[in-house]
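Reviewing the structure listed below.
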Amino acid sequence: MNQLFHEWFEKLTAYLTYLMSGTGVFLGLMSVEQWISIIVGIIALAANIWHKRKMQKIAREKGIFINEET
């Protein structure tokens, strides 16, 4: 059992190392403009989600039920 765990742990750490290495290479290739674009996109997404929730709350308070789950 100990040998099996050791082999499983070695495989897991090897895959994790390859994933981290590949991610580092990919992120290292990105320019400053691309980083800024990603950050602006994440901020816009967060603002959109916040706004949607606030509008749904206001609509509920006024007796209007909006179901956008579908």
Side-chain angles (χ1 to χ4, degrees):
M1 181 68 179
N2 192 16
Q3 181 67 24
L4 181 63
F5 175 75
H6 181 69
E7 290 175 7
W8 175 81
F9 185 74
E10 288 291 325
K11 284 184 181 181
L12 178 68
T13 55
Y15 288 133
L16 185 62
T17 303
Y18 289 133
L19 178 66
M20 290 173 61
S21 177
T23 302
V25 168
F26 174 73
L27 295 178
L29 294 175
M30 292 175 58
S31 67
V32 174
E33 291 84 10
Q34 289 171 323
W35 276 107
I36 292 171
S37 176
I38 288 173
I39 292 169
V40 169
I42 291 171
I43 291 171
L45 177 64
N48 186 19
I49 292 170
W50 174 81
H51 181 262
K52 178 180 175 182
R53 288 182 180 168
K54 290 296 179 183
M55 290 296 109
Q56 286 178 339
K57 181 181 175 186
I58 292 170
R60 258 193 318 274
E61 289 171 355
K62 294 185 181 259
I64 303 168
F65 293 95
I66 301 171
N67 185 6
E68 295 181 354
E69 300 298 323
T70 58

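Numbering starts at 1 and runs along the sequence shown.
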_Lys62: which residues meet the side chain to side chain contact (heavy atoms under 4.5 Å, CB included) condition with it, sequence neighbours left out?_
Ile58

Donor-acceptor pairs under 3.5 angstrom involving side-chain atoms of residues 25-50: please list them, not counting sequence neighbours.
unit_1: Ser31; atom_1: OG; unit_2: Glu33; atom_2: OE1; d: 3.3
unit_1: Ser31; atom_1: OG; unit_2: Gln34; atom_2: N; d: 3.4
unit_1: Gln34; atom_1: OE1; unit_2: Ser31; atom_2: N; d: 2.8

Just list the side-chain donor-acceptor pairs under 3.5 Å for residues 10-18, sequence neighbours left out, or say none.
unit_1: Thr13; atom_1: OG1; unit_2: Phe9; atom_2: O; d: 3.0
unit_1: Thr13; atom_1: OG1; unit_2: Glu10; atom_2: O; d: 3.0
unit_1: Thr17; atom_1: OG1; unit_2: Thr13; atom_2: O; d: 2.7

